[in-house]
Amino acid sequence: MLEIKDLKVSIEDKEILKGINLSVKAGEVHAIMGPNGSGKSTLASALAGRDYFNITNGKILYEGKDLTELSPEDRAREGIFLGFQYPVEIPGVSMVNFLRTAINSMRKYREQDPLPAGEFLKLMREKKKIVEIDSDLTNRSVNEGFSGGEKKKNEIFQMALLEPKLAILDETDSGLDIDALRIVSNGVNKLRSPENATIIITHYQRLLDYIVPDVVHVLYKGRIVKSGDKSLARELEEHGYDWIKQEVDAND
Amino acid sequence: MQTTDKYLELFQQNREQIGKEDPLFLKELRDAAIKAFQRDGFPGRKEERYKYTHLEPAFDGKLSFDFQPRQIHFDDSEIFSCDVPLLDSNVLTVLNGFFHQNGEGILTKLDNGIIYGGLKEAIAQFPDLVEKYLGKNAPTDDEPFVALNTAFSQDGIFLYVPEGIRMERPIQIINLLLSDKNQMVQHRNLLVLERNAAAQVIICDHTLSPHMFLTNSVTEVYTGENADMDLLRLQNEHNNSCQVTNTWISQDRNSRCQHGTITLHGGIVRNNLRINMEGEGAETSALGLFLTDKMQHVDNYTVIEHSKPHCTSNQYYKGVLDDISTGAFNGKIHVHPDAQKTEAFQTNNNILLSDTAKMQTKPRLEIYADDVKCSHGATVGQIDEEALFYLQSRGIPKEESRLMLMDAFTWDVISKIKQLSLQVRITDLVSKRLRGELSRCNNCAMHCEH
Ligand SMILES: Nc1ncnc2c1ncn2[C@@H]1O[C@H](COP(=O)(O)OP(=O)(O)OP(=O)(O)O)[C@@H](O)[C@H]1O
Ligand SMILES: [Mg+2]
């Protein structure tokens, strides 16, 4: 589904990703872990099409197509979803208007008619249940005044509505209380299917107890320096990153 | 010849014609005004108040000026109807600065004492009433454009709401500019609310022919004790126009006033707004929103005078500038020495949609009392890239995402308009304007290309 080959990304001449190789197949869940500042969010943004990065080398193939040629909106319409680490507040744009516009843009891309108002509301109600999101939130402006946890739940809510093929969740677990973590994980698990894939960026093993990954990668200094199965996450939880850092830095 | 001299000459040569039937007080008012104008003249380039808007060249052009209403035959119901859906209003039309009778009489006097209609007629029928107010709020020695208007203006709209009367139907003043040559217009509105009175007035400025129009108008407003005044101006003139508005409002004790200026279109627009809170406990809010593109220029210049204690003022001004358009906001809050417990707030936020648009913003706080709460904030920025990306990442095309953010930005001001039907109407007009559709009123059959 997703093939990243020797991807190098820089911001203002500073190289942040220094040759990423990653292959994600349909039905898989990949976890990406790694110390702060190692480039996890940069990778996620590059996949979603944020344009202040320069892709200086490599390829991103999504379902066989060159992703870098698509605008962020077309990537979304092709089924890519980014759950933001820091969802932005957009005062004055109501959640309802935002979600309706998003859904109908997706439908238009697929040459479907806009969703009738009644059906849209029904869909909202249905999906709200999955993330047990407070009704009140959808009456407000996008993320405005949402608590940290509410913002994260809102990301999963949007994911549930948009039904992506490839979801990239950037630290969706940070800031969630225990119950919310369970709810969010359930939400993600419900949306799992043999046709879909998920990339989970996280710092905590705990989330991976709920959403069991097929592969765990460690990103450090802009490279994937280690990959393994779910036991790697447990190892990191116990020993931290020092042993990996030492390995890598010794080879530098 | 200097531009100022041209106008002095124009006045002297036509002194007989201007205000032929003026009562004595008005003759004296005009003479004092022209003297003040002679002394001050058009503001020069160095004049601080007009730093960003140099108006003299516009006044120097070859313009015709009507001393009498010209008979222009048009069926306004057919070619023009500025409808505000859901808003059942008394529509008063002003054509090239003169009251234009359509349907209602020149001056309507209701049983409850409300008077509205043409100012010239009001001067003839109620000279004592008009004398009490005309020119008292908008002094000629303060502002050359007010002086010029006081000397030349002959007509406009008069509204009088007596004590205790709360007007149900809004008054809608429609200023139409329609001519076969380049034209100057100077008209005047006088709006008086006595104690405990309430009224809502909407002023719409429109150009109906592609000629160059230069308008210098004065609107004087008296808000009596505990009265409610709601005044909204919708400017929608073409790019070949120049408009100077002078709105001088006074507020008595515990009165409430909301003033709004929505500038959808215009070539050069300068709005002078002065609100003087002369009584304790008065509240005022001044809203402003402008949208410019091409070579348009909009300059909002506000002065809020906190003369008495316990008054509150809120100013919200926003601008959206595209292409090579320019804008300015100059907002002064003046808190007088005995105006303790003043609360005065001001924000001015602007978005530049191009690298070539320019905005000047300058708050000025002059505070001479110590127990006050004042704040101001001004920003000039681009559209929020983070927000834009967020919307795009949900499948919404870039252009549509941009428009959603613009709608949100402008809604911040529009949402503060009290009357819901007006809110809806203006939201629609602004949204059309942002989408590049000409935002003339829906029923206007004039397909102006400007
Ligand atoms: N807009 C930017 N301008 C300059 N540097 C940036 C920018 N965005 C990210 N960086 C830098 O790129 C590096 C990688 O950042 P990134 O956000 O991808 O890290 P991360 O792995 O997601 O970290 P965390 O675990 O803290 O979320 C950091 O050194 C960061 O400072
Ligand atoms: Mg990150």
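Within every chain, numbering begins at 1; the chains are lettered A, B, ... in the order of the sequence lines, protein sequences first and strands thereafter.
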**Item:** Test item: B/Glu386 and A/Glu89 side chains (from C-beta on) under 4.5 Å apart, heavy atoms
**Value:** no
**Request:** Can you measure from OH (B/Tyr390) to CG (A/Leu82) and round to the nearest 0.5 angstrom?
**Result:** 9.5 Å
**Asked** So which of B/Ala387, B/Ala408, B/Gly395, B/Ser393 has the biggest tally of heavy-atom pairs under 4.5 Å with chain A?
**Response** B/Gly395
**Asked** Quick one: of B/Arg394, B/Glu385, B/Gln392, who has the most non-hydrogen atom pairs under 4.5 Å with chain A?
**Response** B/Arg394
**Message:** Does any backbone or side-chain atom of B/Glu400 lie under 4.5 Å from a heavy atom of chain A? Answer side chain, backbone, both or neither.
**Reply:** side chain
Look at atom [atom1] of [X] and say whether more than 12 heavy atoms of other residues, nucleotides or ligands are closer to it than 6.0 Å.
{"X": "B/Lys418", "atom1": "NZ", "value": "yes"}
{"X": "A/Asp136", "atom1": "CG", "value": "yes"}
{"X": "B/Lys416", "atom1": "NZ", "value": "yes"}
{"X": "A/Asp13", "atom1": "CG", "value": "no"}

With only heavy atoms counted, which part of [X] is less than 4.5 Å from chain B, the side chain, the backbone, both or neither?
{"X": "A/Arg50", "value": "both"}
{"X": "A/Thr101", "value": "both"}
{"X": "A/Asn143", "value": "side chain"}

**Asked** Applying a criterion of heavy atom separation less than 4.5 Å, what residues of residues 154-169 of chain A form contacts with chain B?
**Response** A/Glu155, A/Gln158, A/Leu162
**Minimum-distance pair of heavy atoms, taken over all atoms of A/Ser45 and B/Phe389** = O-CZ, 4.4 Å
**Asked** Between B/Ile396 and A/Glu73, what is the shortest heavy-atom contact and its length?
**Response** O-CB, 3.5 Å
